[in-house]
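Only one structure is covered here, and it is reproduced in the block below.
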Amino acid sequence: GSGAFGAIAPGELITIKGTNIGPATATSFSVGPGGTVSSTLAGVQVLFDGIPGTPTYVSAAQINVIVPYEIAGRSTTILIVSYQSQQSAGISQLVAGQAPGIYTFSATGAGQASVLNQNGTFNGPSSGLVIGGQTVTTTPAPQGTVIAVFMTGGGQTNPASTTGTVTPTATLYKIPGTVTATINGVNAPVQFAGAAPGLVTGVIQVNILVPTGVTGSGLPLAININGSTTAAGPTVAVQ
């Protein structure tokens, strides 16, 4: 989510770059019966100590995959990409309890964060955002309202999330411990932090109360999960 390198966390959505690591035609995942997501996509598997992750996008040069929750508690893991039963060399990767990264519209970890306002509109400047040549209608969040921030790298939840599934909507899967947030350096009380209901496990939703006294577009947004803080770059708009 942050676009940065570093340790990976159980349930984190990560990106792998390479050559001949997947099909020439890019393929995205689909949800199967019972809300499951296959560990194999277009002939691609990503193994962590032999445990398959959940690929969500695969191509010859890039794989997006959700790290399996089963690696929780380990300090390192060996990552192997398998395509059409041909395996890459193993790469040792550091493992952390959390590695929080906020999604942004640019998919770079910088700029307008992926945020929904309390009324369900996209957060952003009143002038809108141009993404891929198209204008997306956005609205600043009023002070004192609650916004939903979408991110990854929150680690295991309570109850425990299951690798390769969609998070149920009937039960809240919360991140244990302490989660805090700031907008433009001002405390933004966290109302909920956990797996995003109805989305594939690994996507985290953090609902925060927009503090009074801050206003403007491009306000820095930071979220701390059990001592690990998101990288600088994501922003929100407040009116």
Side-chain angles (χ1 to χ4, degrees), residues 1-4 9 11-15 56 64 66 98-132 134-155 157 161 166-167 169 172-175 178-226 228-239:
S2 65
E12 181 184 7
L13 279 79
I14 63 171
T15 294
T56 59
N64 296 346
I66 305 170
Q98 293 85 28
I102 298 171
Y103 289 118
T104 61
F105 275 87
S106 65
T108 63
Q112 174 61 48
S114 179
V115 172
L116 287 179
N117 294 323
Q118 185 168 309
N119 62 1
T121 59
F122 290 114
N123 180 264
S126 56
S127 58
L129 292 171
V130 178
I131 303 172
Q134 295 186 333
T135 300
V136 177
T137 301
T138 58
T139 307
Q143 299 175 44
T145 61
V146 175
I147 59 174
V149 181
F150 293 91
M151 54 187 298
T152 190
T157 59
S161 294
V166 171
T167 300
T169 57
L172 292 180
Y173 288 69
K174 298 180 179 180
I175 295 175
T178 303
V179 181
T180 59
T182 59
I183 295 177
N184 203 33
V186 179
N187 179 55
V190 172
Q191 311 293 298
F192 166 77
L199 299 183
V200 65
T201 53
V203 179
I204 298 300
Q205 178 177 333
V206 180
N207 297 346
I208 62 177
L209 181 66
V210 178
T212 58
V214 296
T215 185
S217 299
L219 300 176
L221 169 67
I223 295 176
N224 182 291
I225 300 177
N226 294 322
S228 297
T229 303
T230 53
T235 63
V236 292
V238 179
Q239 63 184 8

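A quick note: this is a predicted structure, and the numbers were derived from the prediction, not measured.
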Determine the minimum heavy-atom distance between [X] and [Y], stating which atoms define it.
| X | Y | value |
| --- | --- | --- |
| T145 | A141 | OG1-CB, 4.1 Å |
| V190 | V179 | CG2-O, 3.4 Å |
| G128 | T138 | CA-OG1, 3.3 Å |
| V236 | A113 | CG1-CB, 4.4 Å |
| G153 | A9 | O-CB, 4.2 Å |

Can you check whether [Y]'s main-chain N or O pairs, donor with acceptor, with [X]'s side chain at less than 3.5 Å?
| X | Y | value |
| --- | --- | --- |
| N184 | V186 | no |
| T230 | P100 | no |
| N117 | T139 | yes |
| Q118 | V146 | yes |
| N226 | T178 | yes |
| Q143 | V214 | yes |
| T235 | G111 | yes |

Show the atom names and distances, to 0.1 Å, of all donor-acceptor pairs under 3.5 Å that link a side chain in residues 195-206 to residues at least two apart or in another chain.
residue, atom, partner, partner atom, Å
T201, OG1, T162, O, 3.3
T201, OG1, T165, O, 3.2
Q205, NE2, N207, OD1, 2.9

- Any chance CZ of F122 has more than 12 other-residue heavy atoms, nucleotides or ligands included, within less than 6.0 Å? no

- Task: Please list, chain by chain and in numerical order, all residues satisfying side chain to side chain contact (heavy atoms under 4.5 Å, CB included) with S127, sequence neighbours excluded.
- Result: P125

